[in-house]
Enquirer: 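Dumping the structure here so I can ask a few things about it.
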Amino acid sequence: MHNNPMTRSITALAAALLLGASTQAMAVECKGMEKKTCERNESQCTWVNGYTRGDGVKVSGYCRGKGGKKSSSSKS
């Protein structure tokens, strides 16, 4: 039964949905934080400095959830 293609497909789909949900939850948790609070929560959040887009629109700094896999690399 473990070799059933339907079972593998359902398992892969469930894993993808759970990963997406956890990443989205992290982003919501970080959204709206002030810079100091965001930087204290560095395991899940990262601060993006303000910048000017190519079309001239200025974007203020903001806190966002870190995406992707957690790495064991040292701080930069």
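Predicted model, so just to flag it, every value in this text is computed and none were measured.
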Enquirer: If you compare all heavy atoms of C45 against all heavy atoms of C63, which two are closest, and at what distance to 0.1 Å?
Expert: CB-SG, 3.6 Å
Enquirer: Looking at CD of Q44 and NZ of K66, how far apart are the two atoms once the value is rounded to the nearest 0.5 Å?
Expert: 9.5 Å
Enquirer: Is the count of non-hydrogen atoms from other residues, nucleotides or ligands lying under 6.0 Å from E39 atom CD greater than 12?
Expert: yes
Enquirer: Starting at SG of C38, measure out to OH of Y62 and round the result to the nearest 0.5 Å.
Expert: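 These two atoms lie 10.5 Å from each other.
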Enquirer: Could you give the distance from CH2 (W47) to CG (N41), rounded to the nearest 0.5 Å?
Expert: 13.0 Å
